J.: 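Please find one structure pasted underneath; my questions will follow.
These numbers come from the heavy atoms of this one structure, side chains and all, not from hydrogens, waters or symmetry mates. Since the structure is predicted, the reported quantities are computational estimates derived from the model, not experimental observations. Letters A, B, ... mirror the listed sequences (proteins, then strands); counts begin at 1.
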Amino acid sequence: MIVMDNDKHTHNNNREVVISIKGLYKSFEDNDVLQGIDFELHKGENVVVLGRSGSGKSVLIKIISGLMKPDKGVVKVLGKEVHRLTKKELIDLRLKIGFLFQHSALYDSMTVKENLEFPLKRNVKDISQEQIDKAVKEVLEAVGLADTADQMPTELSGGQQKRIGIARTIIMKPEIILYDEPTSGLDPLTSYEINDLINEVQHKSKASSIIITHDLTCAKKTGDRILMLIDGKFVRQGNFEEVFDTKDERVKGFYDYNFIE
Amino acid sequence: MDQTSNQRAKYFISKPIDQFFIGVYDISKFVVQFFREVFAPPYEYQEVVKQCYHVGYKSLSLITLTAFITGIVFTDHSRPALADFGATSWLPSLTGIAIVKALAPLITSLICAGKVGSQIGAELGSMKVTEQIDAMEVSAINPFKFLVVTRVLATTFMVPLLTLYSAFIGLTGSFLDVHGKDQTSLTAFIHDAFFKIGYAEILSTLIRSIMFGFTIGIVGCYKGFTTSQGTEGVGRAANSSVVIIMFLVFIEEMVVVKFFNPLYMQ
């Protein structure tokens, strides 16, 4: 059974849908990862997708961003069916999507500044170096790492790399941000700071976000709505308390292991 | 049907043969994509120049050393055979033909296979497994154009230049050896060395080195771009890049020589 947060759902119904997924299936050889996913993300909403490692959470956002193709189903982002777009249309759509990778995926042959400039220089026509420098300074200040511009990614800690990854994501001012395990591999304090940063970004940019995680603290702190992905399907949906107010052993087990062990 | 028959049924012929043909098909698609992307704007001039620097300048010291030693050693090894016939005066001519036509393109491409091909395979492989290539793609940047086209162009431009440089250094080594033992003057050495080398020979050398350069770039990029299975995969990509490039270089060498040799005879 899927629980809905009725107030929020009613509220969401009045908001524009930015991502809509219907009947999504994806398999890898004999492994059925996604088995009929239906989902909507509304404008300005932070949705957390919770699930165990290997449950297909990352596959879901890779399909949304067009990095992977679904076996079956319709994925619409900002009203456009992702897997029917031409190359040019997909590039235009991707300019409106930000993606934070699990291990930040910073370009290790470039400095922090070059990492941030890279998407701007290649995607924004007629932008001056002065405007680029200003944008870089702004996003670095937004993530609290203004003094790291000339450092190489390998010189940064895991938490700092995540922050720079977020800076690179928001520099293009995306309408949708996809976070893949934003707190994985970080200590609790740094995770706490990253959660705050995600909320701050959402508050300032009004972007809609999907946050993929198995970290319940991250889910509780950042999610307006939480979806629980088990066996390729969303089995629970609602706010944090509602999702875990269940007798479903698979969901209860997930909660217990996160907080007890 | 038992499990083995089920596994067999998955493959058209057998797993290794199927994989070989799938590999050939995939690399052909990769080459076609290169030619499609190379002429389409935007052009990454700056990145091409940067890659040319990496391929060219950074291989220079190794090529200088190897070509110089090869020139001296080849001349020294050839001397006794010619001396038996009292024909040591043919040494410049022999080394000229051997270095310009055969040794310079082969030595240069084999060094670049080891140094550049493996580096490209490992670099792109590492970018692939750490999702940097995906990050480029979702940032609306064409990773194929930025990473593959620029590197293949750089190797295709630079290997012929390095080959000419390698021939020059090899001949310098040979001259020093000949001059040291036979007191041959530089003018006489140059005259004799280039006596049997015409435009066709130089064209053949350049065509081969362009092909070798393209092979080094495209194989390194293909292996890097298709890396999987983490850091182990990166090592495999670097290693198999070198092995495949060397194998293809010798095949290409044989095909071009067989094509050009009849032209010299005419």
J.: Can you tell me which portion of B:S139 sits under 4.5 Å from chain A's heavy atoms? Options are side chain, backbone, both or neither.
T.: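 When you check distances to chain A, atoms from both the backbone and side chain of B:S139 fall under 4.5 Å.
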J.: When you compare the side chains of A:T148 and A:Q151, does any donor N or O come within less than 3.5 Å of an acceptor on the partner?
T.: no
J.: Got a second to check how far A:M110's CE is from A:F118's CZ, nearest 0.5 Å?
T.: 4.0 Å
J.: Out of A:L93, A:L106, A:I97, A:T169, return the one with the most heavy atom pairs under 4.5 angstrom to chain B.
T.: A:L106
J.: Is the ring pair A:F101/A:F99 parallel, tilted or perpendicular, if the boundaries are 30 and 60 degrees?
T.: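 Correct class here is parallel.
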J.: Salt bridge check, A:E181 against A:K57: does any charged N sit closer than 4.0 Å to a carboxylate O?
T.: yes
J.: So what's closer than 4.5 Å to chain B heavy atoms on A:D108: side chain, backbone, both or neither?
T.: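 For A:D108, heavy atoms of backbone and side chain both lie under 4.5 Å from chain B.
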